[in-house]
Amino acid sequence: MSALRDEQRPPDNELLQVVQRGLRAQPKRLPSWLFYDEKGSELFEQICEQPEYYLTRAEIALLREHATDIANVLGPDVRLVEYGSGHAIKTRLLLEHLQTPVSWVPIEISSEPLRISMHNMEQVFPQLPIQPLSTDFTRPLRLPVPPRMPGRTVIYFPGSTIGNFEERDAAQLLRKMRGEMGDNGGILVGADLKKDKKVIEAAYNDAAGVTAAFTLNMLTRLNRELGCNFELSGFRHRAHYNAMIGRIETHILSKREQRVRVGRMQVLFREDEAMQVEYSCKYSLEDFAELAASAGLAVQHVWTDPEGLFSLQHLTRASAK
Ligand code: AVJ
């Protein structure tokens, strides 16, 4: 399942306004949730299989290596609330090792992916109560009443999706989770680590061009859903690692001066003008601890894969000692 899937998506009639606002901004920018239509979600799955995209493989490797330890740290009778609709292998590895989990609560705004992952999980864990929530996880949540008293509530947010949020928004999201998990709850969050710029840039510029297709698919989507006339051959993908800030900055570049229709608006693109479409933030362990602290949380445990590419972090309330 893809990670950041439309969770901030407004109702259809607002889509045009969101896009027009982004294209009036200077510099132009569009939100990254626009990537995840059906085709985009499929392309994201393919990205995860590219040799350069180390994130997914590293996160799975670390779960395989440390699943028992992670389950021990989380404790028995966990209610697992997942931000996103389940990442087949990852969620399975975690649930397999948890001791008598109380329930799994996948949160996903798109109903079709939610339905599919529920169906798959039911096959693998027929005894496990599943309590899906079809909503935008960035909004305040009302969690369903659990089937029995949980030992703790743990919010699972894998895949480095947190990296798509700028620092202030990431802190705000973590603070929201802090409220939802309760006094003795926890957060299990995947965060990609800072490393050699070449390795990071390669992950977002795969040789087969899948990431480029994923990025440009956003324009295809706007053509279809809003009747825009973006000419695909007039634009290209660019992903650059900003080492100062520690993030991949993905842009769609206009190859020439051109005009595009967006509703009743005509948008002018200059030659080489860059439109920002995604940030993917990378952290050092210190960076992440600082981010957690700014949300009233403390890092209790960190696990990494054998190569030290990716981290899984267990956060609890800083004051709950
Ligand atoms: C799904 C947000 C974790 O930022 O690495 C992959 C999305 N974008 N290649 C990421 C993505 C380009 C991915 N996340």
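Remember, it's a predicted structure, so these values are computed and weren't measured experimentally. Side-chain atoms are counted along with the backbone in the values below, which use heavy atoms only and exclude waters and symmetry mates. Along the sequence shown, residues carry numbers from 1.
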Check the orientation of [X] and [Y]. Use parallel for under 30°, tilted for 30 to 60°, and perpendicular for over 60°.
X	Y	value
F235	F269	perpendicular
Y283	F288	perpendicular
H314	W303	tilted

So does [Y] get a backbone contact from the side chain of [X], meaning a donor-acceptor N/O pair under 3.5 Å?
X	Y	value
K176	F137	yes
D77	P150	no
Q266	R259	no
N217	T220	no
N242	G246	no
S284	D287	yes
N205	A239	yes
R152	V78	no
D305	E59	no
R24	V267	no

Test item: side-chain donor near acceptor, [X] and [Y], under 3.5 Å:
X	Y	value
W104	E82	yes
S103	R79	no
E273	S254	no
E108	S85	yes

Quiz item: Closest heavy-atom contact between V210 and L43?
Solution: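 Answer, listing the atom of V210 first, then L43: CG1-O, 3.8 Å.
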Practice problem: Mind running ring pair (Phe, Tyr, Trp, His ring centres under 6.0 Å) on F214 and Y204 for me, showing each step along the way? | Solution: CA-CA 10 Å; F214 171 77; Y204 293 84; 9.6 Å; no
Practice problem: Please step through salt bridge (charged side-chain N to carboxylate O under 4.0 Å, His left out) for the pair E231 and R256, ending with a clear verdict. | Solution: CA-CA 11 Å; E231 216 177 280; R256 45 184 162 80; 2.9 Å; yes
